[in-house]
Amino acid sequence: MIYNFKATEEKWQKKWEEAGVFNAQDNSDKKKFYALVEFPYPSGAGMHVGHIKAYSGLEVVSRKRRMQGYNVLFPIGFDAYGLPTENYAIKTGIHPRKVTDTNIENFTSQLKKVGFSFDWNRVVDTTQEDYYKWTQWIFLKMFEHNLVFRDKTLVNYCPSCKVVLSNEDSQGGKCDICHSDIVQKAKDVWYLRITEYADKLLEGLDKVDYLPNVRLQQENWIGKSTGAFVNFTVKDTQETLRIYTTRPDTLFGVTFMVMAPEHPMLDKYKDMISNFNEVEAYRTECAKKTEFERTQLVKEKTGVKLAGFVGINPVNNKEIPIFISDYVMMGYGTGAIMAVPAHDQRDYDFAKKFGVDIIEVIKGGDMSVEAYAGDGEMVNSDFLNGLTDKKSSIARMLEVLAERGIGEKGVQYKMKDWAFNRQRYWGEPIPIVHCPECGIVPVPYDELPLTLPTVENFEPGSDGESPLVKIESFVNCKCPKCGKDAKRETDTMPQWAGSSWYFLRYIDPHNTECFADKEKLSYWGPVDWYNGGMEHVTRHMIYSRFWHRFLYDIGEVPFDEPYAKRTAQGLILGPDGEKMSKSKGNVVNPNDVVDSFGADVLRTYVLFMGDYEKAAPWSENSVKGCKRFIDRVWNLQEIVVDGDEYSKKLETSFHKTIKKVSEDIENLKYNTAIAALMTLINEIYDAGSITKAELKTFVTLLNPFAPHITEEINSVMNFGGMLANGNWPEYDEAKCVDAEIEIAVQVNGKLKARINVPAEIEQAEAIAAAKENEAVKAMVDGKTVVKELYVKGRLVNIVVK
RNA sequence: GCCGAUGUGGCGGAAUAGGCAGACGCAAGGGACUUAAAAUCCCUCGCUGGCAACAGCGUACCGGUUCAAGUCCGGUCAUCGGCACCA
């Protein structure tokens, strides 16, 4: 009996859709379960097997939850704004709207072919007016609450994409999209004040269940450090030069200070600095370098000593030289540091090169070789002398700083404010008007959505200006405040905007009054389980947690953390073990697998191929192995016998497997869950027959992985109903153990024999039984037994001398 | 440099809480069925020695704790990921 997977899969996909079995119910007294997967960017290349793996995890959980009686929300949508579409549109002349629609259609049909149990009534598309209206609405709310500001700054600029990039999008000095070198450029930038939420984002991590490395990466990204601000004075002025340090305990070891070349105080005192021409020259040199070059560790320290501009250490009133150097950044702390060459390697390197004194204040290192960052007894430090514990030294110093009014405790974050505009066409217009009279004016809420105009030419301007600049009908408008002629902001939002709140829209996707109904939000929120890629845990997740937390603070959502649990799947590598990429030609197309082996095989394989959280290479042969398994499942029908109970032979195996599969699915151990089902099917074929009751249980357990073939068997066998809304099987803990078990017998810790004993055997009997064994006897006889151990259900160990 | 993870057969990977290492699958070899091939079914399959029963070795490397270590502890090496002149 050949299994016709193609016809069967199409048949059941249609039946599920007709019956609406995967539609989440808004008014239900069932317990809810909200499973979220990262919605795809609908690229022209179509879906990738990586998408299939990413969605299959929670797909299995969702199908299981429905059978366990939950009301499940498992939605999908499209994160469709973005550069690749725009670039493709520029190249081909096809409008991005059209490109996007085609791609979404393609993705939809691909997803449906795999049989995912998404609720297709709730699809969101970030580029639709009824969606981005609310993206703009949230932006305006942030504006209203002073979380949006504009600043002229040196920005990371990609000359190839002609676009300003955030620090996140330009890591390593390369453009995240096209990988060209980025340059520094002065631009007007819209910022979202995410730093204001740094502490809340950090504290929120205590309330959620994220994988440990996901949590750690977010903590590192936020990068909180605690230390102190200390006010140094500048000789012959009233000026305070404020610095930030994490080591206030080393204040007596300060022998110089360093300011960032861009520090604004330099210009104020240029008349006092007799070598200001040198300062200017150094600044010009630094401005040429990108942030990336400046942060290269390997290079030698450079800098200029300021002549006539001298600092005074506030704890001992010592005069100390001040330098400028690009190893100090304007963007972190105060843009100036106190330098302690004895205990900081960077300061040490600088001091050695520029011949500055090195004063040891913590014993334990060798000042002639390198800086010492360890613990030790304080010396040369006045009131700290003799203290040996870093914590108490810092505490004592903070007390003194406070008493004398020269400093205080402080915290700093590595995270920077979020550069929020792009000079691009295919994005949400920023709803702001520039009025010559009133300045920056937000578009009124009732004028939303501010529609992205349909244009013919979406090439960016020569100077990296937005293509929208050229659309006069869009740019020219009346000021909403005073009614005079004004101009619209022409920049659009970054791709991260639409994805920052999409999970909220799934809860109420067709609402025209608000982004989502409050009652529905309280029922469905928060997301119970969010799965996606590791590459999104810092940017996307931090951004969306920030937006969500903001909405919570202004009373728009009833729960503070959006995602209760977060997991991440590992990559699927090409058959060559390398990351899949077009250029390497090692990309596997899920369509091909569905066409030649079926969706059930594809789904089973991506979960069986290895540890779900780790990367694993694609193997066509292993896919065939899963195909064999699926065919063996189909052929179970040939050995089915009547019986509405588990058979004696297989009862224990069934209970064990139900338990194993149930637990493994909850712990991302899909590979061992499938392995358990394979083991069970081997046992069934060994036994020679399967009862109807057993077959029903088997297909139910396999259903979340291979839903089509199992529905078909369920239907052919007349088991009744649809598995999609069937019941998850139960197991009896007591029946998970065989009456007779095999235990190992060791002598001196070495395996000597295996014996069969009743499962409930006591220690004494087990040891006695072990001693009966010939091989064991031979080892034990004539020797002194020192110790006898029995580990229940596992082994006996006899120690002899 | 700092932080984190990982290291098990020819391959992907299993192994509860310190208790039989290698489940399950792939590949490989042998056999059955077949005119033949595919498919399917059966057997073997960590390494070394032996016809064999069996013996010795074996979870990156070195050492330790323990009756017992893939698992715990100390050290070393390698690979991957994140952060990085962050004061």
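Below, read A as the first sequence line, B as the second, and so on, with proteins coming before strands; counting in each chain starts at 1.
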Check: Looking only at side-chain N and O atoms, does A/Lys752 come under 4.0 Å of OP1 or OP2 in B/rC54?
Finding: no
So the ring-ring contact (aromatic ring centres under 6.0 Å, His included) pairs with at least one residue in residues 665-687 of chain A (sequence neighbours excluded) are A/Tyr612-A/Tyr670
When rounded to whole Å, the CG to C1' distance for the pair A/Leu211 and B/rG4 reads 13 Å
### Message
Suppose you measure atom P in B/rU34 against the same atom in B/rA38; what distance do you get, rounded to whole Å?
### Response
15 Å
A/Lys787 side-chain N/O to B/rC67 phosphate OP1/OP2 under 4.0 Å: yes
| Side-chain donor-acceptor pair under 3.5 Å between A/Asn531 and A/Gln569, yes or no? | yes
Of B/rG81, B/rC86, B/rG12, the nucleotide closest to the side chain of A/Gln217 is B/rG81
| task | Under 4.0 Å between any heavy atoms, over every strand shown, what does A/Ala615 touch: base, sugar-phosphate, or nothing? Just pick one. | result | sugar-phosphate
By side-chain contact (heavy atoms from CB on, under 4.5 Å), A/Asp366 pairs with (sequence neighbours left out) A/Ser368, A/Val369
Residue pairs passing the salt bridge (Lys or Arg N to Asp or Glu O under 4.0 Å) test with at least one member in residues 760-770 of chain A, sequence neighbours excluded, are A/Glu760-A/Lys792
Report the relative orientation of the aromatic rings in A/His536 and A/Trp496; use parallel for angles under 30°, tilted for 30 to 60°, perpendicular for over 60°.
perpendicular
- For atom P, what is the distance between B/rG56 and B/rU8, given to the nearest Å? 26 Å
Walking RNA chain B from its 5' end, the first of A/Arg632 and A/Gly331 to be reached, judged by nearest nucleotide, is A/Arg632
The side-chain contact (heavy atoms from CB on, under 4.5 Å) partners of A/Lys783 (sequence neighbours excluded) come to A/Val800
To the nearest angstrom, the CG-P distance between A/Leu607 and B/rG12 comes to 19 Å
Hey, can you pull the donor-acceptor pairs under 3.5 Å for the side chains in residues 336-345 of chain A, sequence neighbours left out?
| residue | atom | partner | partner atom | Å |
| --- | --- | --- | --- | --- |
| A/His343 | ND1 | A/Tyr372 | O | 2.8 |
| A/His343 | NE2 | A/Val361 | N | 3.0 |
| A/His343 | NE2 | A/Ile362 | N | 3.1 |
| A/Asp344 | OD1 | A/Arg346 | N | 2.9 |
| A/Asp344 | OD1 | A/Arg346 | NE | 3.2 |
| A/Asp344 | OD1 | A/Asp347 | N | 3.1 |
| A/Asp344 | OD2 | A/Arg346 | NH2 | 2.5 |
| A/Gln345 | OE1 | A/Ala371 | N | 3.0 |
| A/Gln345 | NE2 | A/Asp349 | OD1 | 3.0 |

Closest of B/rC26, B/rC85, B/rC86 to the A/Tyr332 side chain is B/rC86
Please report the distance separating the P of B/rG9 from the corresponding atom of B/rA17, rounded so that it comes out in whole Å. 23 Å
### Task
Could you give the distance separating B/rG19 and B/rG70 at their C1' atoms, to the nearest angstrom?
13 Å
B/rA84 versus B/rA15 - spacing of their P atoms, nearest Å
35 Å
Rounded P spacing from B/rC20 to B/rG29 in Å: 33 Å
*Please check the phosphate of B/rG4 (OP1 and OP2 only) for any side-chain N or O of A/Arg215 closer than 4.0 Å.*
no
Exercise. Roughly how far apart, to the nearest Å, are B/rA68 and B/rA14 at atom P?
Worked result: 28 Å
Whole-Å distance, A/Leu216 CG to B/rA84 P, equals 13 Å
Looking at A/Phe229, I'd like to know if the NZ or CZ of A/Arg242 sits under 6.0 Å from its six-membered ring centre while staying within 45 degrees of the ring's axis. yes
The salt bridge (charged side-chain N to carboxylate O under 4.0 Å, His left out) partners of A/Asp375 (sequence neighbours excluded) come to none
Exercise for review: Would you classify A/Lys624 as touching base, sugar-phosphate or nothing, given that sugar-phosphate means primed atoms plus P, OP1 and OP2, and contacts are heavy atoms under 4.0 Å?
Suggested key: nothing
>> If you compare every side-chain N and O of A/Asn220 against the phosphate oxygens of B/rC3 (OP1, OP2), does one of them come in below 4.0 Å?
In response: no
Euclidean distance for C1', B/rG31 against B/rC45 (whole angstrom):
15 Å
Its contact letters, B for base, S for sugar-phosphate only and - for none at protein heavy atoms under 4.0 Å, make nucleotides 14-23 of chain B read SSB--BB--B
**Request:** Give A/Asp347 one of three labels, base, sugar-phosphate or nothing, depending on what nucleic acid heavy atoms sit under 4.0 Å from its own.
**Result:** nothing
Applying side-chain contact (heavy atoms from CB on, under 4.5 Å) to A/Ser56 and not counting sequence neighbours gives A/Ile52, A/Phe116, A/Val606, A/Leu607
Quick note, A/Lys750 side chain, CB onward, closest among B/rG12, B/rC57, B/rA27 is B/rC57
Per the under-4.0 Å heavy-atom filter, residues of residues 240-259 of chain A near RNA chain B come out as A/Tyr244, A/Thr245, A/Thr246
One should report the stems of RNA chain B, each a stretch of at least three consecutive Watson-Crick or G-U pairs at distances under 3.5 Å, as B:1-7 with B:77-83, B:10-12 with B:24-26, B:28-32 with B:40-44, B:46-49 with B:54-57, B:60-64 with B:72-76
Contacts of A/Phe608 meeting side-chain contact (heavy atoms from CB on, under 4.5 Å) (sequence neighbours excluded), chain-then-number -> A/Cys626, A/Ile674, A/Ala675, A/Met678
Separation of B/rG82 atom P from A/Arg539 atom CZ, nearest Å, is 10 Å
Sorted by chain and number, sequence neighbours left out, ring pair (Phe, Tyr, Trp, His ring centres under 6.0 Å) with A/His263 holds for none
Check your understanding: What nucleic acid atoms does A/Gly223 come within less than 4.0 Å of, heavy atoms only: base, sugar-phosphate, or nothing?
Key -> nothing
Tightest non-hydrogen contact, residues A/Ala568 and A/Leu211, listed as N-CD1, 3.6 Å
